[in-house]
Amino acid sequence: VPLQACGGGLVQAGGSLRLSCAASGRTFSSYAMGWFRQAPGKEREFVAAISRSGGSTYYADSVKGRFTISRDNAKNTVYLQMNSLKPEDTAVYYCASDLVAGTSSGEYDYWGQGTQVTVSS
């Protein structure tokens, strides 16, 4: 499932951004989706995941209450709404897909190219 992430940018601390990840093909609703991020010099880490139907969502503790993952299967798109952004949220954000929503990057088979999010203090 080819994935294309976009929506990153530069924002001040406390601001908001919405990332989008569009999938091509007609099987989007068959895949759970996840967002991960990687800051310079750090391992890629889990951010959020959503089940195929959108009925179940999962978040890293560091973003819980600030970020919201959602999906629109009619548009083949998954979103990550990021509010109350902090400088430590600065990273390249990746979307990924797999049959089951998981929290480990190794579980995901398909990855987008990443979009840069920079939060200034």
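Residue numbers start at 1 and run along the sequence shown.
- With rounding to the nearest 0.5 angstrom, the OG atom of S97 is 7.0 Å from the CG atom of D109.
- What you find for G55 and S51 is that their closest heavy atoms are N-OG, 3.2 Å.
- When each of Q38, Q116, R37 is checked for a side-chain hydrogen bond (donor to acceptor under 3.5 Å, both in side chains) with Y93, only R37 meets the rule.
- A pairwise comparison of heavy atoms in W111 and S105 identifies CZ2-O, 3.4 Å as the closest pair.
- A distance-only check finds a donor-acceptor pair linking the side chain of R66 to the backbone of S84 [under 3.5 Å].
- The distance from the CZ atom of R18 to the OG atom of S70 is 7.0 Å, given to the nearest 0.5 Å.
- For the cysteine pair C21 and C6, the distance separating the two SG atoms is not below 2.5 Å.
- The distance from atom CG of N76 to atom OG of S29, rounded to the nearest 0.5 Å, is 7.5 Å.
- The backbone N or O of G34 sits nowhere less than 3.5 Å from a side-chain atom of Y58 that would complete a donor-acceptor pair.
- Between W35 and L19, the shortest heavy-atom distance links the atoms CH2-CB, 3.6 Å.
- Under 4.0 Å is where a charged nitrogen must lie from a carboxylate oxygen, and between D89 and K86 no such pair does.
- Cation-pi geometry between R44 and F36 is not satisfied (NZ or CZ under 6.0 Å from the ring centre, within 45° of the ring normal).
- The cluster map of Ile, Leu, Val, Met, Phe, Trp and Tyr, joined by side-chain heavy atoms under 4.5 Å apart, puts L10 and F67 in different clusters.
- Within a 6.0 Å sphere centred on CZ of R52, heavy atoms belonging to other residues, nucleotides or ligands number 12 at most.
- The shortest non-hydrogen separation linking F28 to N73 is CE2-OD1, 3.2 Å.
- Closest non-hydrogen pair, L3 versus A96, comes out as CD1-CA, 3.8 Å.
- Shortest non-hydrogen contact noted between L17 and L85 is N-CD1, 3.9 Å.
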Quiz item: Under the side chain to side chain contact (heavy atoms under 4.5 Å, CB included) criterion, do D72 and Y79 qualify, and how do the steps go?
Solution: CA-CA 8 Å; D72 186 337; Y79 305 97; 4.1 Å; yes
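- Atom CG of L99 and atom OH of Y31 lie 6.0 Å apart (nearest 0.5 Å).
- The main-chain N or O of A32 is never found under 3.5 Å from a side-chain atom of Y108 such that the two would form a donor-acceptor pair.
- Looking at Q113, its side chain does come within 3.5 Å of a backbone N or O of A5 through a donor-acceptor pair.
- Between the OG1 atom of T115 and the CD atom of Q4 there is a distance of 9.0 Å, given to the nearest 0.5 Å.
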